Chemist: 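The following block contains the structure, expressed as structure tokens.
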Amino acid sequence: MKLTVEGIKAGQAWEAVGVSLPGYNIEAVREKTKETPEWIHFGAGNIFRGFIGGIADTLIGKGELSTGIIAADTFDGEIIDKIYEPFDNLTLSVGLKPDGNSVKRVTAGIAAAIKADNEHLAELHRIASKDSLKMISFTITEKGYACTDISGNTIPFVETDIARGPEAPTTAMGVVTSMLLARYKAGAAKIALVSMDNCSQNGKKLRDGVLFVARKWQKRGFVTEDFVDYISDESVVAFPWSMIDKITPRPDDSIAQELKNLGVEDMDPIITSRHTYIAPFVNAEIPEYLVIEDSFPNGRPPLEDAGVYMTDRDTVNKAEKMKVMTCLNPLHTALAITGCLLGYKKISDEMQDEDLRKLVYKLGEECMPVVVSPGIISPESFIKEVLEERLPNPYLPDTPQRIATDTSQKLAIRFGETINGYVQKGIEDNMRIIPFVLAAWLRYLVGVDDEGNPMELSPDPMLEVVKDAMDGITLGNTDNDMSGVNWILSKEELFGINIFETDDMNVKIKKHLSEMLAGPGAVRRALSNLVNE
């Protein structure tokens, strides 16, 4: 059985091994998408294919959407060549249940795929110029919106986009701003730009990135003030906020083998030259949440009919804070950092470790006082599902090393907001777990695990900067120079607050760090002492 449009026409063979198939005319949907595109998405990776592409597939199957999504990628065009084109843009989604069973489904909600590079810029301009286009959505990770570094300097590749102008951009923010310029010139039709990335106030980050590029281009004479006014008017070009949640690990070899055993061909995962882990299939958990601010000036698909919560900005903000600040992401980061140090390779295995299980339960309790219920989702029910079903799921092949990626970009939201909440209430001395987790991150940056062995650190745009600050901090040294640690803790850009100036937090973090640097086994001892005292 081949995962192609022609291959899935052998429907009985697929259904006989428990794989459901699209029940609509895929070719007709793709032809309609080419003529009247409604939805283009930047970031063609796993969560897009396994979740957002599935939303479109569901709506098409219900007869409520007549076009698919056009996938675009500025970061890694290799996945278009090796995963999209050979499999006719189809995705085999494998939903992994905690009991070992799975739900397998071929989706065809992605109607086309395009490398978002200069070679294809004219096609992107053609799509953007269509009045039919309702939204451009994104899963490009938080760093994809950044235009400046920790010191406020323009990032070099963004500076290159600014210098080249709208005819030759390479970054996501540059390409999308160039597309908006084409749309403006074609009649200034309305549109919504929807970040679906897992970061706080993602719509604001997207808007800030687009306007940053546009204003720089205006200063250089590439665009007019009227164009900047066009994308500044949120009644015309909207940037709705959203909250997304679905744990989507890298494709696992065991899942590939299972699919091969069922008779599905060519399922091997690949690692691209840009270090993207991807496969023709997507393995993910079953639970999924997407909450979007209902601000679509040019209309939208009936997303709520595919399980999306459509609501107002305040509710999205509360849902995002509930998840990102308390009920999932801080727990994930705590497990990632400590798991790497303690040699774990699966998040679910960590949840069988009594000390680590206590750590995340206590962390959830510590973060909960700053949560305001969004109403549409119960924080208590949400965190219960996370702790009792999602994180312990032994069939979800998620790793602490994957979650540890880009940690520097996540700390301000996952912990900084909670720290600020405690500080504002004057009860920061009540925090016990968060200082330990931040100290564990500093200990992680030393690049040596708890047994004293060299440890590979996960990719992070700030890795070299913070590692340099930790230079000289060594395991087994009882008199480490903490000046670099002080510099890191002073960076509000990292933590959302200047921790160095919060005496209690500053002291606690450095105390825990010193404990964890005492020698081999010190991380385990410090962790056990903390959670069992």
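The first residue of the sequence shown is numbered 1, and numbering continues consecutively from there. Because the structure is a prediction, the values reported are computed rather than measured.
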Chemist: Enumerate the salt bridge (charged side-chain N to carboxylate O under 4.0 Å, His left out) contacts for residues 340-354, please, sequence neighbours excluded, ordered by first and then second residue.
Modeler: D353-R524, E354-R357

Chemist: What residues form a salt bridge (Lys or Arg N to Asp or Glu O under 4.0 Å) with E428, not counting sequence neighbours?
Modeler: none

Chemist: Determine whether N532 and K358 satisfy the following criterion, side-chain hydrogen bond (donor to acceptor under 3.5 Å, both in side chains), listing intermediate values before the conclusion.
Modeler: CA-CA 8 Å; N532 293 302; K358 287 181 180 178; 2.5 Å; yes

Chemist: Name all residues meeting the side-chain contact (heavy atoms from CB on, under 4.5 Å) criterion together with E159; count only those two or more places apart in sequence or in a different chain, and write none if there are none.
Modeler: T154, I162, R220

Chemist: Under 4.5 Å between any side-chain heavy atoms of C340 and Q401, yes or no?
Modeler: yes

Chemist: Considering residues at least two apart in sequence or located in another chain, which fulfil the ring pair (Phe, Tyr, Trp, His ring centres under 6.0 Å) criterion with F382?
Modeler: Y289

Chemist: Does S273 reach the side chain of E78, with side-chain heavy atoms less than 4.5 Å apart?
Modeler: yes

Chemist: Can you check whether I434 reaches I419 side chain to side chain, under 4.5 Å on heavy atoms?
Modeler: yes

Chemist: For L475, enumerate each residue passing the side-chain contact (heavy atoms from CB on, under 4.5 Å) test, keeping only those at least two apart in sequence or located in another chain.
Modeler: R443, V448, P520

Chemist: Go through the steps for N498 and S490 under the test side-chain hydrogen bond (donor to acceptor under 3.5 Å, both in side chains), then give the verdict.
Modeler: CA-CA 5 Å; N498 185 331; S490 72; 5.1 Å; no

Chemist: Partners of E388 by salt bridge (Lys or Arg N to Asp or Glu O under 4.0 Å), sequence neighbours excluded?
Modeler: K384

Chemist: I'd like a table of donor-acceptor pairs (distance under 3.5 Å, sequence neighbours excluded) in which one partner is a side-chain atom from residues 248-259, with atom names and distances.
Modeler:
from : atom 1 : to   : atom 2 : distance (Å)
T248 : OG1    : K246 : O      : 3.1
D252 : OD2    : S254 : N      : 3.0
D252 : OD2    : S254 : OG     : 2.3
Q257 : NE2    : N261 : OD1    : 3.0
E258 : OE2    : K104 : NZ     : 3.2

Chemist: Under the ring pair (Phe, Tyr, Trp, His ring centres under 6.0 Å) test, which residues partner F138, sequence neighbours left out?
Modeler: F42

Chemist: For G43 versus F48, what's the shortest heavy-atom pair and its separation?
Modeler: O-CB, 3.4 Å

Chemist: Would R105 and S20 count as a side-chain hydrogen bond (donor to acceptor under 3.5 Å, both in side chains) if you check the C-alpha gap in whole Å, the side-chain angles of each, and the deciding distance to 0.1 Å?
Modeler: CA-CA 5 Å; R105 168 191 176 196; S20 62; 5.3 Å; no

Chemist: Nearest heavy-atom pair of I376 and T315: which atoms, and what distance?
Modeler: CD1-CG2, 3.9 Å

Chemist: T338 side chain to A334 main-chain N or O, any donor-acceptor pair under 3.5 Å?
Modeler: yes

Chemist: Assess the residue pair I52 and M196 against the criterion (side chain to side chain contact (heavy atoms under 4.5 Å, CB included)); give the C-alpha distance rounded to whole Å, side-chain angles, the decisive distance to 0.1 Å, and a yes or no.
Modeler: CA-CA 9 Å; I52 299 159; M196 297 179 180; 3.5 Å; yes

Chemist: Would you please name every residue forming a side-chain hydrogen bond (donor to acceptor under 3.5 Å, both in side chains) with T407, sequence neighbours left out?
Modeler: none

Chemist: Would you call P400 and L335 a side-chain contact if the rule is heavy atoms closer than 4.5 Å?
Modeler: no

Chemist: Could you tell me whether K508 and D504 make a salt bridge, using a distance below 4.0 angstrom between a side-chain N and a carboxylate O?
Modeler: yes

Chemist: Can you list everything that forms a ring pair (Phe, Tyr, Trp, His ring centres under 6.0 Å) with F415? Sequence neighbours excluded, please.
Modeler: none

Chemist: Verify, without hydrogens or angle tests, whether T405 (side chain) and S458 (backbone) share a donor-acceptor contact under 3.5 angstrom.
Modeler: no

Chemist: With a 4.5 Å cut-off on side-chain heavy atoms, are K115 and T74 touching?
Modeler: no

Chemist: Report yes if the side chains of P280 and I83 come closer than 4.5 Å at any heavy-atom pair, otherwise no.
Modeler: yes

Chemist: For residues 137-148, pull every pair meeting salt bridge (charged side-chain N to carboxylate O under 4.0 Å, His left out), keeping only residues two or more places apart or in separate chains.
Modeler: E142-K205, K143-D406

Chemist: Write down the atom of A113, the atom of N89, and the distance for their closest heavy-atom approach.
Modeler: CB-OD1, 3.6 Å

Chemist: Which heavy atom of L517 sits nearest a heavy atom of T474, and at what distance?
Modeler: CD2-O, 3.9 Å

Chemist: Might you point out which heavy atoms bring R432 and H512 nearest each other, and give the distance in Å?
Modeler: O-NE2, 4.1 Å

Chemist: One pair to check against side-chain hydrogen bond (donor to acceptor under 3.5 Å, both in side chains): N317 and D314. What are the steps and the verdict?
Modeler: CA-CA 5 Å; N317 196 36; D314 184 58; 5.3 Å; no

Chemist: Can you tell me if K511 has over 12 outside heavy atoms packed within less than 6.0 Å of its NZ?
Modeler: no

Chemist: Could you pull out all residues at least two apart from Y145 that satisfy ring pair (Phe, Tyr, Trp, His ring centres under 6.0 Å)?
Modeler: none

Chemist: Does the S373 side chain pair with the main chain of G375, one donor and one acceptor, at a distance under 3.5 Å?
Modeler: yes

Chemist: Could you check whether D355 pairs with R525 (Lys NZ or Arg NE/NH1/NH2 to Asp/Glu carboxylate O, under 4.0 Å)?
Modeler: no

Chemist: What pair of heavy atoms forms the shortest contact from D73 to I79, and how long is it?
Modeler: OD2-CD1, 3.8 Å

Chemist: Any sub-3.5 Å donor-acceptor pair from D197's side-chain atoms to C199's backbone N or O?
Modeler: no

Chemist: Between the main-chain N or O of N393 and the side-chain N or O of K97, is there a donor-acceptor pair closer than 3.5 Å?
Modeler: no

Chemist: Heavy atoms, side chains only, cut-off 4.5 Å: are M470 and V446 in contact?
Modeler: yes

Chemist: State, with a plain yes or no, whether a side-chain heavy atom of P461 is found less than 4.5 Å away from one of I155.
Modeler: no

